[in-house]
**Q** 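Take this structure, written in structure tokens, and hold onto it; I'll ask about it next.
Excluded from the calculations below are hydrogen atoms, water molecules and symmetry mates; all remaining heavy atoms, backbone and side chain alike, are included. Counting convention: from 1, in listed order, for ligands and their atoms alike.
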Amino acid sequence: MPPTITDNQTHDFKAHYDCAHRSSLQDDETDDAHVKRITRYSDGTVKLRNSNIELMDQDILYHLALGSESHDLQEMFGDVKFVCMGGTPKRMENFAHFIMNEIGYKLPAGTQLQDISAYSYRYSMYKVGPVLCVSHGMGTPSVSILMHEMIKLMYHAKCKDPVFIRIGTCGGVGVDGGTVIITEDALDGQLRNSHEFTILGKTIHRPAKLDKKLARELKSLASPDDPYDTIIGKTLCTNDFYEGQGRLDGAFCDFSENEKMDYLEKLRENGVVNIEMESTIFAALTHHAGIKAAVVCVALLNRLNGDQVNAPKEVMNEWQARPQILVSRYIRKVLTHNGQLKSLFGHQGSIKSPRRFKLVQQESQAHE
Ligand SMILES: O=P(O)(O)O[C@@H]1C[C@H](O)[C@@H](CO)O1
Ligand SMILES: O=c1cc[nH]c(=O)[nH]1
């Protein structure tokens, strides 16, 4: 039986959150209006919830190898509308090449995509017009550091209403490998829809809220012709891949197969369709920053059938393209709606398809 949040814990968490929240709420202000007021300037540019930053002479975004004095961040990133993140540098480089093709973005003659954060030796970042493609590594600490610096980057660059999307991989719960899963709610290991932080020795929770409208919009972009399913459901976020996700095949395992299966069944009863390691921190920090966000992952296996990730490499590569295809449809739709696809990039880009994705991937590998 998985631990679930008790009434007392719910109460403590809610009381703490509500108290902190209410203290900055103005009379009759709705939650949405409140978040908007404290996270946006009137022109839609990102406002930080940390007044220390504007008092500093310079802000060094150490893990991105960027700084507010060393770089003209507004000139470099001011046009960014979409920040797409995923675990590995290679996935995000592939996505950069793919989205470049999809939106018909042309690099200046004689240039090629560069990893902007190469000299951080931590994360990789590629910019394709209004799309930033960034790797976030594995698990909460890595994502948390990146999120702080990306949100500050949005502020320094004066980006207007950016949208953050995580493009990931996961284990399915009763869901076949290759299925694309859009997260409706991100739950922590105790099935709480929040992320727990320890700050100055105190435990606090922030709601792990994603944008439901964006999730529905992404779902609507799945095509009946896609040779795979795209679903929406709850995502369990753990701090470990092995024991934390109830695997029997880690270096250690102190539970039985029956206990594991009971746990996965219990998750399923609670509406959990997949398990990964970043959704709660990603949701909690974007929500705290008033940034619209979504998580789209592909399942690499159905955990009800086993623990080992053993699909062939080519199959896995094709599966990993699926969330990217969905996200590219969304980006194209927004840019088309804003009249940007044609005016910014000269032509309409082309129709997305898994086959085309493969070609773009091969081209990008040829650039290595
Ligand atoms: O975006 P990725 O593929 O990194 O997401 C999942 C969660 C962990 O970071 C990793 C474990 O294999 O994959
Ligand atoms: O089972 C899986 C597969 C990918 N990523 C995870 O976190 N778990």
**Q** Between H287 and R206, is any side-chain donor less than 3.5 angstrom from a side-chain acceptor?
**A** no
**Q** Would you mind checking if R166 and E278 are paired as a salt bridge, meaning a charged N to carboxylate O distance below 4.0 Å?
**A** yes
**Q** Could you tell me whether some N/O pair between R303 and ligand 2 is separated by less than 3.5 angstrom?
**A** no
**Q** Would you check the N or O atoms of T169, main chain and side chain alike, for any that come under 3.5 Å of an N or O of ligand 1?
**A** yes
**Q** In terms of residue, atom name and distance, what is the protein heavy atom nearest to atom 11 (C) of ligand 1?
**A** F241 CD1, 3.7 Å
**Q** Counting distance only, does the side-chain N/O of Y123 pair as donor-acceptor with the main-chain N or O of S142 below 3.5 Å?
**A** yes
**Q** Does L301 approach ligand 2 within less than 4.0 angstrom via side chain, backbone, both or neither, non-hydrogen atoms only?
**A** side chain
**Q** With a 4.0 Å cut-off on N to O distance, would you call D59 and K152 a salt bridge?
**A** yes
**Q** Has ligand 1 got any nitrogen or oxygen that is less than 3.5 angstrom from a nitrogen or oxygen of R91?
**A** yes
**Q** Considering only non-hydrogen protein atoms, determine which one is nearest to atom 2 (C) of ligand 2 and report residue, atom name and distance to 0.1 Å.
**A** G171 N, 3.3 Å
**Q** Give the atoms of ligand 2, by number and element, whose distance to some non-hydrogen atom of I275 is under 4.0 Å.
**A** 6 (C), 7 (O), 8 (N)
**Q** Is K260 positioned over the aromatic face of F255, cation under 6.0 angstrom from the ring centre and no more than 45 degrees off axis?
**A** no
**Q** In this structure, would V295 and M138 fall into the same cluster of hydrophobic residues linked by side-chain contacts under 4.5 Å?
**A** no
**Q** Salt bridge between R329 and E102, side-chain N to carboxylate O under 4.0 Å?
**A** no
**Q** Please state which option from M277, M138, R166 has its nearest heavy atom closest to atom 5 (O) of ligand 1.
**A** R166
**Q** Would D240 and T238 count as a side chain to side chain donor-acceptor pair (under 3.5 Å) here? Give the steps.
**A** CA-CA 6 Å; D240 169 52; T238 67; over 6 Å; no
**Q** What protein heavy atom is closest to atom 4 (O) of ligand 1, reported as residue, atom name and distance in Å?
**A** G87 CA, 3.3 Å
**Q** Whether the S124 and D115 side chains hold a donor-acceptor pair (N or O, under 3.5 Å, no angle test) is what I'd like checked.
**A** yes
**Q** Specify the protein heavy atom at minimum distance from atom 8 (C) of ligand 1: its residue, its atom name, and the distance to 0.1 Å.
**A** E278 OE2, 3.4 Å
**Q** Where is the nearest protein heavy atom to atom 7 (O) of ligand 2: which residue, which atom, and how far?
**A** Q245 NE2, 2.9 Å
**Q** Of all the atoms in ligand 1, which lie at a distance below 4.0 Å from a heavy atom belonging to G168?
**A** 1 (O)
**Q** Which residue and atom name correspond to the protein heavy atom nearest atom 1 (O) of ligand 2, and how close is it?
**A** R247 NH2, 2.7 Å
**Q** Quick test: of every protein heavy atom, which one is nearest to atom 3 (C) of ligand 2, and how far off is it to 0.1 Å?
**A** C170 C, 3.3 Å
**Q** Is there at least one pair of N or O atoms, one from E276 and one from ligand 2, spaced under 3.5 Å apart?
**A** no
**Q** Same hydrophobic cluster for V143 and L285, using side-chain heavy-atom links shorter than 4.5 Å among ILVMFWY?
**A** yes
**Q** State if V309 counts as touching ligand 2 under the rule of any non-hydrogen atom under 4.0 Å.
**A** no
